[in-house]
Amino acid sequence: MKEDFLVPRIGHAVRETVPRMGMAARFLVSSLTAPVRRDFSFRQWLRQIFGLGVLSLALMVVAAFFTGMVLGFQGYYALVRFGATSALGTLIALSLLRELGPVLTALLFAGRAGSALTAEIGSMKATEQLDAMEMMAVNPLAWVVAPRLWGGIFAVPILCTIFDLVGIFGGYLVSVPILGVDGGTFWAQMQANVSFHGDILNGLIKAACFGLVVTWIATWQGFSAHPTAEGVGSATTRSVVMASLAVLGLDFILTALLF
Amino acid sequence: MSTADLVQVGGLHFARGSHAVLDGVSLRVPRGSIVSVMGASGGGKTTLLNLVAGRLRPDSGQILVDGLDPSGIARQDLYRLRQRMGMLFQHSALFTDLTVFENVAFPLRRHFRLPEPLLRKLVLMKLEAVGLRGAADLTPAELSGGMARRVALARAVVMDPHLILYDEPFTGLDPISIGIIATLVRRLNDALGASSIVVSHDVHETFAIADYGYILAGGKIIAEGTPEELRASDSPLAQQFLSGRPDGPVPFHYPATEDFAAAMGIPMETREAPRP
Amino acid sequence: MNQRSIDWWVGIFVLLGIVALAVLALRVGNLAGFTYGRGYVLHASFSNVGSLKTRSPVKIGGVTIGEVTDIQMNPKTFMAEVTMRISPRIRLPADTGASIYTAGLLGEQYISIQPGGMPQVLSPGATITMTQGAVNIDQLIGQMVFSKASGTSAGH
């Protein structure tokens with residue numbers, strides 16, 4: 001069988017993948033530029049910020065709280081050996097602001113909101129809703145995809161800010177009242193070493209990039225899903241897996257560029 | 001311009017890969033009439049509708065809708081053309097996150113800035129026409145299949161289209177709903193002065209409302225005429241389709257590479273002689 | 001969910017984000033440069049400041065009383081000129097000394113103030129003259145190894 005050879009298989013995979021990536025890129029550009037073309041519904045955008053952001057808030061707060069507390073414990077046991085527990089506040093804040101905040105927010109967002117986006121758009125496709133829209137001379141990229149993309153870009157940094165703050169508070173609760181680190185030192189060391197531009201803002205830039213990538217992958221997977229129940233299901237799985245890997249890969253690149 | 005035909009299709013070819021879905025199809029839809037396109041499932045009927053709607057581009061051949069070629073014009077012009085088209089989808093395709101009222105109002109809201117009282121009147125008029133004014137505040141999930149189809153019909157005609165496309169309007173409905181939809185298709189077509197293309201495999205219901213019919217098989221038009229002419233057609237393929245016989249020019253057996261006896265492992269000497 | 005309550009929730013969400021960002025900026029980040037903003041300024045020159053940097057704490061007996069606001073190299077003396085801001089409640093005697101210490105083995109460096117006994121106090125803008133720079137651990141280890149080695153060889 002010809003298909004069993006490696007080279008034709010790679011060739012086939014490339015022939016399949018490259019046009020798909022081109023289509024995904026065109027999909028992204030024409031959706032992102034919808035507000036510029038005035039083909040954009042502000043109300044739909046707010047609706048998506050609600051669906052993607054507000055409804056993910058509780059999950060983020062709980063996750064952030066535990067993440068911060070674990071960081072407090074682990075950081076303490078690592079630092080106490082060197083008598084450097086005064087650096088605990090710095091450790092917690094920098095870990096959260098630079099890496100854990102944006103990355104965990106994005107991963108949780110991909111699991112909670114991204115999968116829902118793919119399933120929603122996929123089932124709109126399966127039930128011909130997108131076709132119906134197209135036939136009513138309404139561009140689904142502008143009406144359906146653009147508000148979701150912009151909603152993600154907007155909601156994820158806000159979620160990340162709240163994640164950072166709640167995480168630091170969780171870390172504080174473990175460090176100061178439970179483990180007995182001096183509270184003044186905790187905050188003073190943190191303030192001395194955290195830079196607003198270098199750490200906080202760059203972390204939020206990361207979060208916005210992740211928000212874009214996760215919603216892009218989620219909406220694209222929904223949009224290009226096979227229009228059956230099975231197709232939507234596998235697109236949802238693919239969306240979460242691809243979005244999570246993309247977040248981790250992109251994190252490496254952004255960390256190298258920003259910090 | 002006002003030629004007698006709203007839609008003209010000539011020598012249409014369309015292929016998916018090596019499989020020719022449409023192989024030289026020509027048809028025309030006179031203004032004010034209901035034209036039905038019938039054929040077995042997978043026979044290219046929906047593809048034909050998508051080509052007329054400009055959602056697919058033909059490999060060759062010509063389509064003219066109101067004097068415009070849907071596949072050859074810019075996107076804005078195509079969208080302007082589609083504002084004068086309505087389409088009823090097989091699965092109704094109602095927006096599940098909107099109420100019945102908002103579903104019908106959707107095209108109006110997206111294309112015009114109407115004062116709310118006027119919009120309300122327009123929408124309720126269309127809902128009244130399909131007999132569902134009372135269901136305006138329900139969500140699509142609360143509707144039966146027949147009601148959903150009627151709401152979708154109201155939505156398809158809310159912009160007062162010149163051309164209404166029906167993709168399998170009777171599929172999956174109970175007999176009463178089929179009767180209602182069939183009556184509505186005819187009534188709306190005449191009330192709006194529109195023209196309609198009904199794509200269906202339900203011979204009986206379609207013949208009851210159509211002015212003219214085409215039978216599509218294997219990507220070609222095998223018969224055309226008024227319902228009476230089609231019933232009297234001498235094409236064996238058309239007759240098999242219209243009377244629903246299991247075997248005929250369209251074979252019951254999907255082609256297999258080896259014959260049945262060999263596949264079952266029956267020894268050569270015990271086999272019967274092949275039937276003529 | 002009607003549009004009005006969505007508007008409300010999104011508004012609250014955005015507001016929460018802004019508040020969180022403000023708290024992060026002021027409480028966690030160093031955008032809040034005004035913790036000791038009303039304090040007075042002192043100067044000190046060190047031969048070596050180690051990894052001391054702006055916003056490093058200034059302490060007496062472990063209690064933070066101020067922070068470093070600026071570190072410059074004096075091109076004439078080749079000494080590091082450190083400017084610090086001290087809480088206005090603390091009045092330091094004129095013979096006060098300043099040293100750069102490290103908190104723990106790997107901790108942050110800070111300025112430790114050793115108050116003197118003179119009745120006159122350092123006025124704002126004054127310079128602390130008795131200073132001891134950061135101890136270089138490499139140097140310290142090197143010295144120890146060297147003295148140990150020379151000690152052993154002397155024994156023979």
Side-chain angles (χ1 to χ4, degrees), chain A residues 43-57 61 79-90 92-94 96-97 101 151 154-155 157-166 168-169 172 182 184-185 187-201 203-204, chain C residues 1-36 51-59 61-69 71 84-85 87 101-111 137:
Chain A
R43 296 218 131 173
Q44 285 293 311
W45 182 54
L46 285 186
R47 210 165 252 279
Q48 291 310 320
I49 294 175
F50 178 82
L52 301 174
V54 177
L55 295 184
S56 306
L57 195 55
V61 167
L79 292 175
V80 78
R81 298 186 206 172
F82 309 106
T85 50
S86 59
L88 191 53
T90 312
I92 293 171
L94 286 184
L96 278 168
L97 292 170
F154 191 77
I158 295 183
L159 289 172
C160 176
T161 315
I162 295 168
F163 190 105
D164 288 342
L165 188 67
V166 173
I168 289 171
F169 178 68
Y172 169 82
D182 175 56
T185 318
W187 292 116
Q189 285 284 330
M190 196 188 287
Q191 284 177 2
N193 290 289
V194 173
S195 132
F196 182 73
H197 284 277
D199 301 318
I200 299 177
L201 282 190
L204 294 185
Chain C
M1 201 47 109
N2 67 38
Q3 190 68 41
R4 221 182 134 61
S5 56
I6 283 176
D7 292 352
W8 269 100
W9 275 109
V10 171
I12 293 170
F13 179 64
V14 172
L15 217 62
L16 263 179
I18 292 171
V19 169
L21 187 63
V23 174
L24 280 183
L26 300 180
R27 189 92 178 107
V28 176
N30 60 4
L31 209 64
F34 35 80
T35 15
Y36 295 97
S51 65
L52 194 77
K53 48 183 183 275
T54 349
R55 295 194 54 85
S56 288
V58 177
K59 300 179 179 188
V63 179
T64 306
I65 55 153
E67 67 187 12
V68 173
T69 53
I71 301 172
M84 54 198 128
R85 202 174 273 278
S87 162
Y101 286 157
T102 307
L105 191 58
L106 299 171
E108 278 290 313
Q109 290 198 303
Y110 63 96
I111 293 184
I137 291 183

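The sequence lines fix the lettering, A, B, ..., with proteins before strands; numbering per chain opens at 1.
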Region of Leu79(A) that comes under 4.5 Å of a non-hydrogen atom in chain C: neither

Contacting moiety of Val14(C), where chain A heavy atoms sit under 4.5 Å: both

Interchain contact, Leu46(A) with chain C, by part (heavy-atom threshold 4.5 Å): both

Among the listed options Thr85(A), Val166(A), Ile158(A), the residue most often paired with chain C at heavy-atom distances under 4.5 Å: Ile158(A)

Minimum heavy-atom distance between Gly151(A) and Trp45(A), given as atom pair plus value: N-NE1, 3.4 Å

Chain C interface, residue from Gly89(A), Gly198(A), Ala155(A) that has the most non-hydrogen pairs under 4.5 Å: Ala155(A)

Closest non-hydrogen atom pair, Leu204(A) against Cys160(A): CD2-SG, 4.1 Å

Which portion of Ile168(A) sits near chain C, non-hydrogen atoms under 4.5 angstrom: side chain

For the student: nearest non-hydrogen atoms of Leu24(C) and Ile200(A), plus distance: O-CD1, 3.6 Å

Between Ser51(C) and Gln109(C), a side-chain donor and acceptor under 3.5 Å: yes

Shortest non-hydrogen contact between Leu26(C) and Gln191(A), atoms and distance: O-NE2, 3.7 Å

